[in-house]
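Inspection log for the structure reproduced underneath, given as structure tokens.
Note: hydrogens, waters and symmetry copies are ignored here, and every other heavy atom, side chains too, is used.
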Amino acid sequence: MRTVCAVVLAFEAIVLGLAVPVAIQLGGHAPGFAGAVWGGLALAALVLAALQRFTWGFYAACALQVAFLLSGFVVPGLISLGIVFVGLWIAGVVLGRRVEAAQQAFHDTESA
């Protein structure tokens, strides 16, 4: 699960970085504000991608998903991207847990 979540966060960091010029052009926000909000979220996504091995890193990344969704209300065009990445995050968690359960079952039957 953690590997899938780290990959989602890495791609999310790219999208958040590309959201800076969108916020400037479409949202009409100052470059400093856009860079601080969406650039900061992109940096946080990269750092949290590397910290997925820790339980607290997973929960912090869940909070990042909420922050991405909320930032979509500041620039309405970004809310759809926030919804897509929250969906990917949920899918990553669900499918990752299924894969981990299948791997555990395989190792249990292999060692028995």
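In this structure, Leu95 shares a hydrophobic cluster with no other residue, the cluster being traced through Ile, Leu, Val, Met, Phe, Trp and Tyr side chains under 4.5 angstrom apart.
Closest heavy-atom contact between Ala34 and Ile24: CB-CG1, 3.7 Å. Residue Gly27 comes nearest to Val75 through the heavy atom pair CA-CG2, 4.3 Å, listed as atom of the first residue, atom of the second, then distance. Shortest non-hydrogen contact noted between Trp89 and Leu9 is CZ3-CG, 3.7 Å.
Between Val93 and the options Arg98, Met1, Arg2, a side chain to side chain contact (heavy atoms under 4.5 Å, CB included) holds for only Met1.
Of the possible polar contacts, one joining the Gln52 side chain to the Gly57 backbone as a donor-acceptor pair under 3.5 Å is found.
Classified by interplanar angle (parallel below 30°, tilted 30° to 60°, perpendicular above 60°), the ring pair Phe33/His29 is tilted.
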(message) Run Leu41 and Leu64 through side chain to side chain contact (heavy atoms under 4.5 Å, CB included) and show every step you take.
(response) CA-CA 7 Å; Leu41 287 173; Leu64 179 76; 3.5 Å; yes

(request) Go through Ile90 and Phe85 one step at a time and tell me if the side chain to side chain contact (heavy atoms under 4.5 Å, CB included) criterion holds. (result) CA-CA 8 Å; Ile90 292 169; Phe85 275 100; over 6 Å; no

(message) Val22 vs Leu78, test: side chain to side chain contact (heavy atoms under 4.5 Å, CB included). Steps then yes/no.
(response) CA-CA 8 Å; Val22 172; Leu78 295 177; 4.2 Å; yes

(request) Using the side chain to side chain contact (heavy atoms under 4.5 Å, CB included) rule, take Ile79 and Phe73 through it: C-alpha gap first, then chi angles, then the decisive distance, then the call. (result) CA-CA 6 Å; Ile79 196 153; Phe73 291 108; 3.4 Å; yes

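The neighbour count for Glu100 CD, taken as heavy atoms of other residues, nucleotides or ligands under 6.0 Å away, is above 12.
Partners of Val84 by side-chain contact (heavy atoms from CB on, under 4.5 Å), not counting sequence neighbours, listed by chain and number: Leu88.
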